[in-house]
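Owing to the predicted nature of the structure, the values given are computational and were not obtained by experimental measurement. Residue numbers count from 1 along this sequence.
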Amino acid sequence: MATIGMGDIKKGVRLEIDGNPFKVIEFQHVKPGKGAAFVRIKIRNLSTGKVIEKTVHAGDKFEVPNLEQKKMQYLYDDGEFLQFMDTTTFDQIGLTHEQVGDVFDFMVDGMEADILFHNGKPITVEIPQTVILEVVETPPNFKGDSQGGKKPATLESGAVVQVPFHILEGDKIKVDTTEGKYLEKVK
């Protein structure tokens, strides 16, 4: 299996520590006046989402995690598990709300998602950074509501985002799924 050394560490590199897959989100190469150089890294556990800091020295080696990404379709929430289907083999898997995480707020039935597997076990779900969703509930506009204010809007996925006053029920809007923010109205 391939290994990753101190010199290979960059933002976005995936490595395995104690059997868990991690992704480097920040790194800083440090060359002190005395002693050997080292790298300070911030890494996110791909299974749990927790971020930790670690110091990597010249002799440290890490395994490359056995990761596989599959495009799957979100089918429905059965109350206990969120059901996904592989669009090529039609195999179905169920993931818990904890495994799916915050992206569930922006998922609708039939949406495509990328599921990351570690050693054959599903660990995380990624959806596109922007999605187009319909506004199903928002307060009506009032005369004078034109000065760049915001109001809450409930989307078809169940998420609530702040939108400009001109957005009405039935409008389709583009939403940033990482920030949970309104981007623009879609024609």
Side-chain angles (χ1 to χ4, degrees), residues 1-30 36-133 155-159 175-181:
M1 197 175 220
T3 59
I4 297 171
M6 183 177 90
D8 303 321
I9 293 179
K10 294 172 187 52
K11 188 174 180 177
V13 168
R14 294 174 174 168
L15 30 107
E16 191 167 312
I17 302 170
D18 299 329
N20 292 311
F22 287 87
K23 182 177 183 179
V24 176
I25 52 175
E26 272 182 43
F27 77 102
Q28 179 185 14
H29 190 87
V30 180
F38 60 92
V39 176
R40 267 194 205 106
I41 58 175
K42 269 191 185 173
I43 49 179
R44 174 175 287 119
N45 185 321
L46 294 174
S47 299
T48 64
K50 286 192 171 136
V51 176
I52 61 170
E53 290 187 26
K54 190 164 182 60
T55 302
V56 180
H57 300 283
D60 295 348
K61 296 277 184 214
F62 302 99
E63 296 290 320
V64 175
N66 179 16
L67 296 173
E68 179 187 4
Q69 192 161 339
K70 285 187 186 175
K71 192 163 278 303
M72 299 185 92
Q73 183 179 27
Y74 170 60
L75 300 175
Y76 59 91
D77 180 354
D78 68 10
E80 190 177 349
F81 294 102
L82 303 173
Q83 299 295 326
F84 291 87
M85 177 183 70
D86 188 321
T87 53
T88 52
T89 65
F90 304 108
D91 291 337
Q92 283 190 27
I93 61 167
L95 300 176
T96 64
H97 283 272
E98 290 78 33
Q99 286 175 301
V100 175
D102 294 338
V103 298
F104 176 69
D105 294 341
F106 300 100
M107 289 173 46
V108 291
D109 296 356
M111 175 184 267
E112 295 247 316
D114 290 323
I115 299 187
L116 191 63
F117 290 80
H118 178 244
N119 293 329
K121 183 177 153 244
I123 55 172
T124 60
V125 176
E126 293 175 358
I127 60 172
Q129 184 166 352
T130 60
V131 293
I132 296 171
L133 297 168
L155 306 177
E156 63 183 305
S157 65
V175 180
D176 180 333
T177 59
T178 54
E179 305 264 330
K181 286 185 178 173

[Y] and [X], any side-chain heavy atoms less than 4.5 Å apart:
{"X": "E16", "Y": "F62", "answer": "no"}
{"X": "E63", "Y": "T3", "answer": "yes"}
{"X": "H29", "Y": "M6", "answer": "yes"}
{"X": "L46", "Y": "H118", "answer": "no"}
{"X": "I52", "Y": "F22", "answer": "yes"}

All N/O donor-acceptor pairs, side-chain side in residues 103-113, below 3.5 Å, sequence neighbours left out:
none

>> side-chain contact (heavy atoms from CB on, under 4.5 Å), that's the test. Do L82 and Q99 meet it? Break it down for me.
In response: CA-CA 10 Å; L82 303 173; Q99 286 175 301; over 6 Å; no

>> Going by side chain to side chain contact (heavy atoms under 4.5 Å, CB included), name the residues that satisfy it together with I93, two or more places apart in sequence or in a different chain.
In response: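 Side chain to side chain contact (heavy atoms under 4.5 Å, CB included) check on I93 returns M72, F84, L95, I115, F117, P122.
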
>> Run the side chain to side chain contact (heavy atoms under 4.5 Å, CB included) test against Q129 and tell me which residues pass, sequence neighbours left out.
In response: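 Scan of Q129 (side chain to side chain contact (heavy atoms under 4.5 Å, CB included), adjacent residues dropped) gives D176, T178.
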
> So, T177 side chain and P128 main chain: donor-acceptor pair closer than 3.5 Å or not?
Replying inline: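 Yes, the answer is positive, given that a donor and an acceptor are paired below the 3.5 Å cut-off.
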
>> I need the single residue from R14, E68, K70 that forms a side chain to side chain contact (heavy atoms under 4.5 Å, CB included) with L116. Which is it?
In response: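 With L116 as partner, R14, E68, K70 yield a single side chain to side chain contact (heavy atoms under 4.5 Å, CB included), made by R14.
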
> CD1 of I25 to CD of E53: how many Å apart, nearest 0.5 Å?
Replying inline: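 CD of E53 is found 9.0 Å from CD1 of I25.
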
> What is the distance from atom CE of M85 to atom CG of L75, rounded to the nearest 0.5 Å?
Replying inline: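 Result: 5.5 Å between the selected atoms.
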
> Is K11 atom NZ crowded by more than 12 heavy atoms from other residues, nucleotides or ligands, each under 6.0 Å away?
Replying inline: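 12 or below, so no.
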
